[in-house]
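Since the structure comes first, as structure tokens, the remarks are kept for the end.
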Amino acid sequence: MKIYDLDKNPVIKIDPFSLDRKPKYTPPEKDILKILVAISRADRVFLLCYLHTAARRSEIFNLKRDDVNFEKNEIRLWTRKTRDGSLEGEWLPMNDILSRELFWWDNRKFKESPFVSIDDQPDPHYGKPIKSAAGFSPAYAKGQA
């Protein structure tokens with residue numbers, strides 16, 4: 001309506017499609033632990049960020065070195081879930097498990113990149129920040145890990 005400067009919504013009389021919602025699958029803890037043992041270090045860091053911060057996928061994909069404070073044991077997550085859509089960061093406490101896993105920063109393959117999650121698979125995105133599950137190890141990306 002804003003783009004075409006319309007006074008009324010032209011599709012208001014169209015009935016909505018039916019939607020059958022199915023409950024989302026949540027794996028049990030034992031399955032998560034099996035995956036954490038079997039995957040690469042980079043994948044493990046990513047999944048542990050999920051587990052220990054309850055962050056959105058995009059927040060973890062955009063996580064940079066400046067967003068991790070080892071001295072204060074804090075991690076900063078950024079979101080656009082604000083009233084005006086602006087980017088806002090919030091520092092959260094980081095537990096010892098996540099801190100220990102993120103400390104691999106100094107030993108990672110792409111030290112020059114500011115991003116935490118970097119594609120290290122031999123593909124066209126090699127060395128670039130991961131933006132989807134396809135950037136992880138093949139077994140994890142295909143759900144086989």
Side-chain angles (χ1 to χ4, degrees), residues 1-70 72-105 108-110 113-145:
M1 289 176 56
K2 288 180 183 179
I3 293 171
Y4 293 109
D5 197 26
L6 301 174
D7 295 329
K8 297 178 188 174
N9 185 348
V11 295
I12 195 80
K13 292 183 180 181
I14 297 175
D15 292 331
F17 290 111
S18 63
L19 177 64
D20 296 329
R21 293 194 184 263
K22 295 176 184 171
K24 291 187 177 184
Y25 171 71
T26 303
E29 183 180 0
K30 65 178 183 158
D31 289 349
I32 293 172
L33 294 174
K34 287 179 190 176
I35 289 171
L36 289 172
V37 169
I39 59 179
S40 72
R41 183 77 185 256
D43 294 349
R44 187 169 57 248
V45 168
F46 182 81
L47 287 179
L48 287 172
C49 281
Y50 259 138
L51 289 170
H52 295 280
T53 65
R56 293 178 183 90
R57 181 175 53 182
S58 62
E59 292 174 313
I60 297 173
F61 285 150
N62 294 319
L63 191 64
K64 294 182 180 179
R65 172 61 179 96
D66 293 343
D67 299 322
V68 181
N69 185 328
F70 292 108
K72 293 184 178 179
N73 242 15
E74 293 180 327
I75 188 168
R76 180 173 46 194
L77 299 177
W78 295 90
T79 185
R80 290 198 183 273
K81 296 279 184 176
T82 57
R83 186 175 294 271
D84 62 356
S86 61
L87 195 60
E88 182 178 275
E90 180 180 359
W91 286 100
L92 304 171
M94 182 171 50
N95 64 26
D96 291 338
I97 295 169
L98 184 56
S99 178
R100 193 171 41 252
E101 288 295 325
L102 283 172
F103 204 72
W104 76 292
W105 184 270
R108 65 195 189 118
K109 193 181 288 187
F110 302 100
S113 176
F115 290 92
V116 171
S117 298
I118 303 296
D119 188 346
D120 63 355
Q121 300 303 311
D123 61 23
H125 302 288
Y126 182 78
K128 296 179 183 171
I130 295 175
K131 296 294 179 191
S132 73
F136 290 99
S137 64
Y140 175 71
K142 294 177 184 169
Q144 298 170 353

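Please read all numbers here as calculations on a predicted model, not as lab measurements.
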Verdict with reasoning, Leu51 to Ile32, per side-chain contact (heavy atoms from CB on, under 4.5 Å):
CA-CA 10 Å; Leu51 289 170; Ile32 293 172; 3.8 Å; yes
Measure from the ring center of Phe61 to the ring center of Phe46 and say whether it is less than 6.0 Å.
yes
Audit row: Ile75, Thr53, side-chain contact (heavy atoms from CB on, under 4.5 Å) steps and yes/no
CA-CA 9 Å; Ile75 188 168; Thr53 65; 4.1 Å; yes
Please round to the nearest 0.5 Å and tell me the distance separating atom [atom1] of [X] and atom [atom2] of [Y].
X: Ser99; Y: Leu48; atom1: OG; atom2: CG; value: 12.0 Å
X: Ser113; Y: Lys64; atom1: OG; atom2: NZ; value: 8.5 Å
X: Glu29; Y: Leu36; atom1: CD; atom2: CG; value: 10.0 Å
X: Asp96; Y: Leu98; atom1: CG; atom2: CG; value: 10.0 Å
X: Lys34; Y: Ile39; atom1: NZ; atom2: CD1; value: 14.5 Å
X: Leu63; Y: Cys49; atom1: CG; atom2: SG; value: 5.5 Å

Please test Arg57 against Tyr50 for side-chain contact (heavy atoms from CB on, under 4.5 Å), starting from the C-alpha separation and ending with a verdict.
CA-CA 8 Å; Arg57 181 175 53 182; Tyr50 259 138; 2.9 Å; yes
Is there a side-chain contact between [X] and [Y], using heavy atoms and a 4.5 Å cut-off?
X: Asp66; Y: Pro114; answer: no
X: Glu74; Y: Leu92; answer: no
X: Arg44; Y: Glu101; answer: yes

Shortest non-hydrogen contact between [X] and [Y], atoms and distance:
X: Lys81; Y: Arg56; answer: CG-NH2, 3.5 Å
X: Met94; Y: Asn69; answer: CE-O, 4.0 Å
X: Trp91; Y: Asp67; answer: CZ3-O, 3.5 Å
X: Leu87; Y: Arg80; answer: N-NH1, 3.5 Å

With sequence neighbours excluded, tell me which residues meet side-chain contact (heavy atoms from CB on, under 4.5 Å) with Tyr25.
Pro27, Pro28, Asp31
Looking at Ile3, I'd like to know if its CD1 atom is crowded, meaning that more than 12 non-hydrogen atoms belonging to other residues, nucleotides or ligands lie closer than 6.0 Å.
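Not buried by this count: 12 neighbours or fewer within 6.0 Å.
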Before you tell me yes or no, could you show the steps for Asn9 and Val11 under side-chain contact (heavy atoms from CB on, under 4.5 Å), namely the whole-Å CA-CA distance, both residues' side-chain angles and the distance that decides it to 0.1 Å?
CA-CA 6 Å; Asn9 185 348; Val11 295; 3.1 Å; yes
Are the charged groups of Arg76 and Glu90 less than 4.0 angstrom apart, N to O?
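So Arg76 does not pair with Glu90 through a salt bridge.
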Any side-chain donor paired with an acceptor under 3.5 Å for Asn62 and Trp78?
no
